[in-house]
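One structure below.
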Amino acid sequence: MSMKQTKVWLILIIALSLLGLASACSKPAEEASNEGGPATSGKAYTAKGDEGTITGTIAYNGAAPAPKKIDTSADPVCGQKSPNLTTEDNVVTNGKLGYAFVYIKDGAAADGTKIGDYTFTAPSDAVTLDQNGCHYRPHVLGAMVNQKLNITNSDPTQHNIHFTPKNNPDWNQSQPNGAAPMTHSFARSEVLVPVKCNQHPWMKAYVGVLKHPFFAVSAEDGTFTIKGVPPGTYTVAAWHEGGATGTEKTMQVTVAANGSAKADFAFGEGTTASTKPGLEMMPAIEVPVVGHH
Ligand SMILES: [Cu+2]
């Protein structure tokens, strides 16, 4: 083989192995699921008028860990405005759990189209996350991918809002007292994005971000309603914070045309997580909260 031929062969071999590497490294196609993917692919869903609802109640069995009083002495403004601030990770009233995030996790409409294969347009109305009394209001909220999140500071002190997502970029902004509202949005779905305040370490909130509008947060009496659901069979998930990543439970429901399906969940004593927990980090372990006074 001449020098020139060897060179050609070498270049060919290098080019071929690079090609092989490139295909091995390229990411697998985006799965048509509700979590993780961008909101672009799929066919637009148009309401047919036969949509139904999913309603339910979130129970908390047994004695829930009592809310703990928060020591806000690090910022006198907080102590003055919210002298009786307590933790909100277990808001239980008469055995019913508030601030559980409920959503359609998977499933398909009656015609077989997977819910993740549809695209839904985010509402033009923003959802608001208010920093008020040195805690977030609401404590848990839902938003669609690319829906505007309005962040307000209603306190006479500075806050620092810090989203710590896994599927979306980190976002960390100071908001002095009297500052104009800020807006943010998430380009990818994520259940759920933790929110914290770098100024007041006790401040915690969670934002559930989905590609579709089928989610709700349980009210103080544990109830929730998800409206406008295309008839079909779905996996509904309920997430409750606690431990490192929270606990998620799922169940199957079928929504008939113009029908209403029930999805009642229970957390607490004698219940086990039925699937991977939210935030997709830890095995499904319920971590007991200890040390309440
Ligand atoms: Cu703060």
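Indexing begins at 1, ligand by ligand and atom by atom, following the structure's order.
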Inset, instruction - Would you check if the Cu ion (ligand 1) lies under 2.8 Å from any N, O or S atom of Met203? - result: yes

Inset, instruction - For the Cu ion (ligand 1), decide whether His159 has an N, O or S atom at a distance under 2.8 Å. - result: yes

Legend entry - Side chain Asp155, main chain Gly133, donor-acceptor under 3.5 Å: yes

Legend entry - Opening angle at the Cu ion (ligand 1) [SG, Cys197; ND1, His200; to 10 degrees]: 110°

Legend entry - Residue that, paired with His159, satisfies side-chain hydrogen bond (donor to acceptor under 3.5 Å, both in side chains) out of His200, Gln199, Gln175: His200

Inset, instruction - Kindly indicate whether the side chain of Phe101, heavy atoms from C-beta on, has any atom under 4.5 Å from the side chain of Leu210. - result: yes

Inset, instruction - Determine whether Val77 and Ile161 fall in the same hydrophobic cluster, where Ile, Leu, Val, Met, Phe, Trp and Tyr are linked whenever their side-chain heavy atoms lie under 4.5 Å apart. - result: no

